Amino acid sequence: MKAAVYYETGSPDVLKYEDVADPPCYPSGVVIRVEAVSIEGGDTLNRGGGVMAGSPHIVGYQAAGEIIEVGAEVTHLKVGQKVVTVNAFGSHAELRSVPARNAWPIPDGFDVRKAAAIPVPFGTAHECLFGAGHLKSGETVLVQAGAGAVGVAAIQLAKRAGATVLATASSDERLERLKPLGLDHGINYRRDDVVEQVMKLTGGKGVDLVVDPVGGSTLQASILALGYRGRISLVGQAGREPTKVDVSSLMGGNRSLTGVFLGAEIMTDRVHDMIQTLIDEAARAELQVLLDRTFPLSEAAAAHAYIESRQAVGRVLLIPQAGEK
């Protein structure tokens with residue numbers, strides 16, 4: 001099969017498009033023919049300097065496609081079924097082998113490309129808002145990096161839960177594209193001071209909850225944007241800089257900071273079922289999946305570079321092309 005691989009971590013140009021061995025099908029697993037790869041934030045972080053499972057390494061958490069082989073121990077899935085899969089690596093390829101537990105059925109008629117972009121970002125957003133954030137109707141939420149995939153999901157889920165939603169992005173244009181999802185107030189972090197704007201928009205009270213997938217210096221702003229007994233769900237390091245904060249600033253307002261990692265619980269019945277519910281809701285058009293651009297799998301390096309340019313609103317996909325050389 002063809003795959004986007006690298007032999008060392010670094011900038012996007014370490015990605016090479018090569019022939020590699022087809023993956024095996026394990027007794028408790030399935031193999032899918034990949035139709036769409038959703039490039040996750042963790043994929044670019046791993047490529048930039050993470051742990052490699054082998055050499056060459058095939059990066060990637062999330063991909064959707066059609067099951068072409070089913071392990072002998074698997075009874076709930078079948079050949080020909082469309083599924084979206086999550087695993088620690090291996091998405092950037094024409095074929096993918098995953099445990100059957102890590103494959104969620106895609107409802108008939110639902111766009112496989114949209115399904116490919118749901119489990120990790122929507123599941124993470126749900127966990128940040130409700131599992132860790134304990135969001136209640138009537139509260140106010142600040143979503144950092146609102147134009148990212150977690151941000152797009154968090155805005156919708158928070159608004160649906162009855163919250164007032166604030167979000168940050170790098171341009172007014174990106175913020176405008178978030179308003180139909182439920183964004184009440186946008187903050188252009190390149191132009192305006194985020195904390196000042198939050199206090200202005202909340203009458204000096206601050207927000208009840210922050211979803212922060214950026215970390216780094218952004219985390220300090222998230223802390224300072226909190227109101228009394230405010231909470232932060234910290235879910236990533238998209239800022240790619242050391243996280244140095246004054247944690248004592250949490251104490252005065254009885255504020256709290258919780259780290260969120262969906263992968264730690266993705267095998268549990270609770271999270272597995274929650275992800276399936278989100279997929280089903282998107283299939284019924286109750287949630288919107290924003291797809292920004294698609295690239296051929298052979299252009300994985302260009303796709304990673306585009307993501308890191310911070311122009312995208314929503315997910316960037318890789319599409320394996322039949323007969324690619």
Side-chain angles (χ1 to χ4, degrees), residues 1-6 12-23 30-47 56-69 79-98 102-122 147-150 152-153 177 279 282-283 287-325:
M1 68 173 182
K2 292 287 189 180
V5 306
Y6 45 86
D13 60 12
V14 299
L15 283 158
K16 313 297 181 186
Y17 186 62
E18 297 183 353
D19 287 302
V20 298
D22 291 355
V30 297
V31 174
I32 69 167
R33 179 177 292 110
V34 175
E35 297 178 22
V37 178
S38 176
I39 305 175
E40 301 301 312
D43 300 350
T44 61
L45 289 171
N46 181 275
R47 189 222 68 235
H57 177 63
I58 303 174
V59 75
Y61 289 153
Q62 193 162 270
E66 182 177 327
I67 296 175
I68 61 170
E69 194 172 356
V79 170
Q81 192 170 9
K82 299 294 179 88
V83 294
V84 55
T85 65
V86 174
N87 210 19
F89 55 90
S91 76
H92 287 38
E94 291 180 320
L95 301 176
R96 187 181 204 195
S97 176
V98 300
N102 290 24
W104 289 264
I106 298 172
D108 292 342
F110 187 41
D111 188 342
V112 172
R113 296 186 183 196
K114 290 185 176 180
I118 292 175
V120 171
F122 277 82
V150 171
V152 164
R177 293 177 64 184
I279 294 168
L287 295 170
Q288 295 184 52
V289 180
L290 293 192
L291 303 180
D292 185 271
R293 281 186 63 180
T294 63
F295 290 78
L297 178 61
S298 57
E299 297 179 17
H304 276 231
Y306 174 69
I307 290 169
E308 293 180 351
S309 72
R310 300 189 181 184
Q311 300 176 63
V313 177
R315 264 298 173 250
V316 176
L317 303 183
L318 295 173
I319 308 297
Q321 305 291 307
E324 265 189 321
K325 301 297 184 182

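Since the model is a prediction, treat every value here as computed from it, not as a measurement. Quick note: numbers below take in every heavy atom, side chains included, and nothing from hydrogens, waters or symmetry partners.
Using modelled atom types, one side-chain atom of E94 and one backbone atom of K2 make a donor-acceptor pair closer than 3.5 Å. Listed for the D13 side chain is no donor-acceptor partner under 3.5 Å among the backbone atoms of A301.
Here the closest non-hydrogen pair linking V83 and P105 is CG1-CA, 4.0 Å. The minimum heavy-atom distance linking I118 with K114 is given by the pair CG1-O, 3.5 Å. Scanning both residues, A93 and M1, for their nearest heavy atoms gives CB-CE, 3.8 Å. When all heavy atoms of V316 and A312 are compared, the closest pair comes out as CG2-CB, 4.0 Å. Considering every non-hydrogen atom in both A64 and I106, the closest pair reads CB-CD1, 4.1 Å. The minimum heavy-atom distance between S91 and D43, with the atom names listed, is OG-OD2, 4.4 Å.
The side-chain contact (heavy atoms from CB on, under 4.5 Å) with T85 is formed by just one residue from the set I32, I67, V34; it is I32. Checked against I39 for a side-chain contact (heavy atoms from CB on, under 4.5 Å), the options R315, Q62, H92 give a single hit: H92.
A 4.5 Å side-chain heavy-atom check between I319 and R113 finds at least one atom pair inside the cut-off. Here the side chains of P12 and E308 are in contact, with some heavy-atom distance below 4.5 Å. At a threshold of 4.5 Å between non-hydrogen side-chain atoms, the residues Y61 and N46 do not count as touching. When side chains are defined from C-beta on, V84 counts as touching I279, because their heavy atoms get closer than 4.5 Å.
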**Request:** Evaluate the side chain to side chain contact (heavy atoms under 4.5 Å, CB included) criterion for residues H57 and V5: first the C-alpha distance (whole Å), next the side-chain angles of each, then the deciding distance (0.1 Å), finally the verdict.
**Result:** CA-CA 5 Å; H57 177 63; V5 306; over 6 Å; no
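Counting heavy atoms of neighbouring residues, nucleotides and ligands inside a 6.0 Å radius, atom CG of D108 does not exceed 12 of them.
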For residues 287-295, tabulate all N or O donor-acceptor pairs below 3.5 Å that involve a side-chain atom, not counting sequence neighbours.
from, atom 1, to, atom 2, distance (Å)
D292, OD1, Y306, OH, 2.5
D292, OD2, V313, N, 2.9

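Note that CG of L317 is 12.0 Å distant from CD of E35, once rounded to the nearest 0.5 Å. Here the straight-line distance linking atom CG of N102 with atom CZ of R96 works out to 8.0 Å at 0.5 Å rounding. To the nearest 0.5 Å, atoms OG (S97) and CD1 (I68) are separated by 10.0 Å.
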